[in-house]
Amino acid sequence: MNLIFILGDQLSKGLSSLASANKTEDVILMCEVHAEATAVKHHKKKIAFLFSAMRHFADELTQDGYTVRYVKIDDPLNTQSFGTELERAAKTYTPECVLITEPSEHRVRQLVKTWGDLYGLTLEQIPDDRFLCSPSDFQEWAAGRKQFRMEYFYRTLRRKYDVLMVGDQPEGGAWNYDKDNRSPAKNGLDIPKPYMSVPDTITQEVMAIVEDKFADHFGDMLPFHYAVTRQGALAALDNFIETRLANFGTYQDAMLSGEPWMFHSHISLYLNCGLLDPLECIRKAELAYHAGAAPLNSVEGFIRQILGWREYVKGIYDMKMPTYRTENHLGASRALPSFYWSGQTQMNCIKHCVSETRENAYAHHIQRLMVLGNFALIAGLHPDEVNDWYHLVYADAYEWVELPNVSGMVLFADGGVLASKPYAASGAYINRMSNYCGACSYKVSVKNGPKACPFNYLYWNFMIENQEALSTNPRMAMPYRTLSKMDDIKRSAITSDAARFFKKIETNETV
Ligand code: FAD
Ligand code: DLZ
Ligand code: SF4
């Protein structure tokens with residue numbers, strides 16, 4: 001018999017390690033372990049979501065006729081790590097071979113490599129075929145290119161999977177409709193309610209255990225409305241396609257106070273743990289376009305996130321690890337301010353994004369990128385601290401997707417491997433795309449002094465501090481031209497405002 005080890009982000013019936021499973025002989029091992037829940041101290045809602053999804057998946061496999069050894073977090077015999085749980089199961093079953101679909105995270109891949117010798121087991125790692133671009137196909141695409149750009153990678157996958165194509169040409173004549181996807185939203189916009197499941201007894205049991213065992217972890221457990229089964233995840237996807245996809249593109253970058261969900265899909269946590277398959281999401285959106293239920297700018301925009309960005313960051317991660325984790329191109333060194341945890345700041349945009357993150361283990365892309373991430377970039381926060389925070393707070397966070405987004409897209413710590421320039425912005429961008437500024441103690445129109453929006457002077461301070469590293473980047477030519485026209489008085493107002501702000505953060509004063 002074989003022992004098939006299924007990890008928490010491998011909850012797919014079509015998983016490669018299950019493909020040749022013999023239901024009458026083989027045993028499936030799944031375990032909830034303390035070591036994983038605290039590798040970074042994950043948000044309580046994320047742990048509850050994943051444990052509940054794992055338990056439901058194990059039940060479904062059992063109903064399908066598999067034998068499942070499922071070890072719960074509060075089982076007194078649980079040794080609380082992947083390796084020791086495998087060892088314990090192997091002692092019980094003495095398998096000929098242990099099969100495991102290649103873990104998504106580099107740290108766990110390294111662990112798996114040690115298990116054969118450590119526990120005297122024959123172990124076979126099987127490639128994970130749930131992505132639309134394999135690591136070797138990505139390397140082939142990347143080979144010989146001086147620069148990687150998501151847009152060109154995305155076009156090869158559009159062609160390969162024949163998505164939104166008319167023959168060899170993109171539907172509508174253009175590959176990308178981003179120029180139509182930058183509308184701000186107004187108060188009173190009719191935003192449909194997101195999909196909401198009601199916690200069943202399994203979820204309720206898990207929620208209580210997590211509240212007890214991980215009480216000191218960040219985040220609110222209630223309200224809990226995430227789906228925890230494939231059926232629920234499909235219902236959430238269908239709800240998005242039917243009620244929000246049509247407006248997804250137009251309001252993709254918009255932020256409104258008290259509207260954490262906007263017109264986004266909220267499916268990343270299901271995709272990343274295996275409850276949804278990327279191609280099925282893409283095909284459903286494409287179908288909606290052909291049925292006339294959603295316009296091209298929305299459908300293309302949504303598909304680009306999954307077929308383009310999601311696959312692209314996975315490719316970069318697999319190609320660049322383990323060194324990607326330690327890169328710090330801009331030499332950023334500041335500690336993460338405490339308001340990333342407490343939300344206690346007068347910066348209204350950050351206050352909203354942190355409190356929604358705490359409540360939902362979710363924030364949408366522009367909140368992550370242009371508010372929380374932008375601040376981390378222009379304040380020069382150390383990549384390790386920022387990466388740990390993002391990995392910890394979001395229910396969809398796994399290192400393969402979190403790290404390239406943070407070190408590559410947000411912090412430019414990889415020196416431009418993933419993105420061609422840093423996404424640095426002053427308060428004007430946040431003001432254009434949200435209604436946060438109207439209710440803020442700071443004034444977005446003021447550039448310097450105690451009342452000025454900190455994003456304004458931190459933006460220019462960032463440009464000054466990183467002039468050597470960034471000014472030769474052609475895509476940064478415009479801001480550096482503007483900077484070159486600033487006189488010394490203006491420059492010193494910027495640097496002294498920034499210094500005053502950083503001093504306050506260091507001494508834990510509210511900013
Ligand atoms: P939608 O806006 O509805 O997009 C649809 C889907 O596209 C998402 O579900 C997701 O699977 C995919 N997608 C969109 N953007 C990206 C992207 N940049 N990279 C990869 N996939 C993308 N996404 C994660 O899944 N896990 C993370 O840990 C994560 N960390 C991030 C950290 C930062 C700093 C930034 C800027 C982005 C991060 N993202 C991450 C990407 C993106 O913000 C989330 O995928 C998205 O907000 C999830 O919400 P949604 O399902 O409503 O997405
Ligand atoms: C994220 C996570 C958490 C919090 N807990 C578990 C767990 O107890 N058991 C498990 O199998 N998986 C868990 N996961 C997901 C793993 O971290 C993820 O599968 C690996 O990092 C992939 O390499
Ligand atoms: Fe954020 Fe500045 Fe606007 Fe306040 S004024 S909400 S700090 S961008």
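For ligands, and for the atoms within them, numbers begin at 1 and follow the listed sequence.
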- Task: Could you tell me which non-hydrogen atom of Gly301 sits nearest to which non-hydrogen atom of Asn181, and how far apart they are?
- Result: CA-ND2, 4.2 Å
- for atom 23 (O) of ligand 2, nearest protein heavy atom and its distance come out as Glu105 N, 3.1 Å
- Message: As an exercise, identify every atom of ligand 3 less than 4.0 angstrom from a heavy atom of Cys453.
- Response: 2 (Fe), 5 (S), 7 (S), 8 (S)
- Query: Which ligand 1 atoms, with their elements, are less than 4.0 angstrom from a heavy-atom of Val406?
  - Reply: 34 (C)
- Item | For Ile430, atoms of ligand 3 separated by under 4.0 Å from a heavy atom | 8 (S)
- Item | Numbering as shown, the atoms of ligand 2 that approach Phe51 to under 4.0 Å (heavy-atom distance) | 5 (N), 7 (C), 8 (O)
- Message: I'd like to know if the side chain of Glu385 reaches the main chain of Leu336, judged simply by a donor and an acceptor atom lying under 3.5 Å from each other, with no hydrogens or angles considered.
- Response: yes
- Is Val163 close to Leu307 at the side-chain level, that is, under 4.5 Å between some pair of heavy atoms? yes
- Query: Looking at Tyr70, does the NZ or CZ of Arg55 lie under 6.0 angstrom from its six-membered ring centre and within 45 degrees of the ring axis?
  - Reply: no
- Message: How far is atom 50 (P) of ligand 1 from the closest protein heavy atom, and which atom is that?
- Response: His266 N, 3.5 Å
- Query: Taking heavy atoms and a distance under 4.0 Å, where does Ile267 meet ligand 1: side chain, backbone, both or neither?
  - Reply: both
- Per-atom contacts of ligand 2 with Gly8, taking only distances under 4.0 Å to non-hydrogen atoms: 10 (C), 11 (O), 12 (N), 19 (O)
- Query: At what distance is the nearest protein heavy atom to atom 2 (O) of ligand 1, and which residue and atom is it?
  - Reply: His264 ND1, 2.7 Å
- Query: Which ligand 1 atoms does Ile306 reach within 4.0 Å, using its non-hydrogen atoms?
  - Reply: 6 (C), 7 (O)
- Task: Around atom 15 (C) of ligand 2, find the nearest protein heavy atom and jot down its residue, atom name and distance.
- Result: Leu50 CD2, 3.7 Å
- Counting heavy atoms only, name the option from Asn435, Asn348, Val444 that's nearest to atom 5 (S) of ligand 3. Val444
- ligand 2 atoms in contact with Cys31 (distance to a heavy atom under 4.0 Å): 7 (C), 8 (O), 9 (N), 10 (C), 11 (O)
- Task: Name the closest protein heavy atom to atom 8 (O) of ligand 2, giving the residue it belongs to and the distance to 0.1 Å.
- Result: Val33 N, 2.8 Å
- Item | Per atom 40 (C) of ligand 1, closest listed option by heavy atom (Arg368, Lys314, Met409, Glu402) | Arg368
- Query: Which word best sums up how the rings of Phe302 and Phe240 line up, parallel for under 30°, tilted for 30 to 60°, or perpendicular for over 60°?
  - Reply: tilted
- Identify the closest protein heavy atom to atom 19 (O) of ligand 2: which residue and atom is it, and at what distance? Asp9 OD1, 2.8 Å
- Note on the structure: Heavy-atom nearest pair, Met370 first then Ala425, reads CE-CB, 3.6 Å
- Message: Pair Lys13, Asp277 - check salt bridge (charged side-chain N to carboxylate O under 4.0 Å, His left out), show working.
- Response: CA-CA 11 Å; Lys13 295 260 182 90; Asp277 166 65; over 6 Å; no
- Note on the structure: atom 12 (C) of ligand 1: closest protein heavy atom, distance to 0.1 Å, is Gln305 O, 3.6 Å
- Note: heavy atom closest to atom 17 (O) of ligand 2, options Glu85, His217, Glu36, belongs to Glu36
- Asp129 and Ser134: side chain donor to acceptor below 3.5 Å: no
- Task: Give the numbers and elements of all ligand 3 atoms closer than 4.0 Å to a heavy atom of Met347.
- Result: 7 (S)
- Item | Proximity to ligand 1 by part of Tyr362, non-hydrogen separation under 4.0 Å | side chain
- Note on the structure: A student comparing Val393, Asn405, Val386 should find that the heavy atom closest to atom 18 (N) of ligand 1 comes from Asn405
- Task: Identify, by atom number and element, the atoms of ligand 1 in contact range of Phe248, meaning under 4.0 Å from any of its heavy atoms.
- Result: 1 (P), 2 (O), 3 (O)
- Tightest non-hydrogen contact, residues Phe82 and Glu36, listed as CZ-CG, 3.2 Å
- Task: Below 4.0 angstrom from a heavy atom of Phe302, which ligand 1 atoms are there? Numbered from 1 as shown, please.
- Result: 5 (C)
- Query: What atoms of ligand 1 come closer than 4.0 angstrom to any heavy atom of Leu271?
  - Reply: 11 (O)
- Query: Of His43, His34, His42, which meets ring pair (Phe, Tyr, Trp, His ring centres under 6.0 Å) against Phe214?
  - Reply: His34
- Task: Could you tell me whether Glu399 and Arg325 have a side-chain N and a carboxylate O separated by less than 4.0 Å?
- Result: yes
- Strictly under 2.8 Å, is any N, O or S atom of Cys437 next to atom 3 (Fe) of ligand 3? yes
- Taking all non-hydrogen atoms of both residues into account, name the closest pair between Ile306 and Arg310 and its distance. O-CB, 3.2 Å
- Message: Among all the protein's non-hydrogen atoms, which is closest to atom 43 (O) of ligand 1, and how far away is it?
- Response: His365 ND1, 2.9 Å
- Task: Take Asn374 and Tyr423 through the test side-chain hydrogen bond (donor to acceptor under 3.5 Å, both in side chains) and record every step on the way to the result.
- Result: CA-CA 7 Å; Asn374 183 24; Tyr423 282 83; over 6 Å; no
- Message: What protein heavy atom lies closest to atom 1 (Fe) of ligand 3? Include the residue and the distance to one decimal.
- Response: Cys349 SG, 2.4 Å
- Side chain, backbone, both or neither: which part of His391 has a heavy atom under 4.0 Å from ligand 1? neither
- Query: Below 4.0 Å from any atom of ligand 2, is there a heavy atom belonging to Gln10?
  - Reply: no
- Message: Using the side-chain contact (heavy atoms from CB on, under 4.5 Å) definition, which of the options Leu164, Val299, Ile303 pairs with Ile282?
- Response: Ile303
- Note on the structure: Heavy-atom closest pair (Lys45 atom, Asp220 atom, distance to 0.1 Å) is CE-O, 3.2 Å
- Task: Apply the ring pair (Phe, Tyr, Trp, His ring centres under 6.0 Å) test between Phe375 and each candidate in Phe462, Phe339, Tyr459, Trp389; give the one that qualifies.
- Result: Phe339
- Measure from the ring center of Phe138 to the ring center of Phe153 and say whether it is less than 6.0 Å. yes
- Message: Using 2.8 Å as the threshold, say whether any N, O or S atom from Cys440 sits that close to atom 1 (Fe) of ligand 3.
- Response: no
- Query: Salt bridge between Asp497 and Arg500, side-chain N to carboxylate O under 4.0 Å?
  - Reply: yes
- Considering only non-hydrogen protein atoms, determine which one is nearest to atom 23 (N) of ligand 1 and report residue, atom name and distance to 0.1 Å. Val401 CG2, 3.6 Å
- May I ask you to check if ligand 2 and His42 share an N or O to N or O distance below 3.5 Å? no
- Atoms of ligand 1, numbered as shown, that sit under 4.0 Å from any heavy atom of Asn272: 24 (C), 25 (O), 26 (N)
- With a 4.0 Å heavy-atom cut-off (strictly under), which part of Asp396 contacts ligand 1: side chain, backbone, both or neither? both
- Query: Do Glu151 and Arg149 pass the salt bridge (charged side-chain N to carboxylate O under 4.0 Å, His left out) test, and can you show the C-alpha distance, the side-chain angles, and the key distance before you say yes or no?
  - Reply: CA-CA 5 Å; Glu151 182 62 32; Arg149 291 297 159 254; over 6 Å; no
- What atoms of ligand 2 come within less than 4.0 Å of a heavy atom belonging to Leu7? 11 (O), 19 (O)
- Message: Less than 6.0 angstrom separating the ring centers of His266 and Tyr362, yes or no?
- Response: yes
- Query: Under a 4.0 Å heavy-atom limit, does Ala363 contact ligand 1 with its side chain, its backbone, both, or neither?
  - Reply: backbone
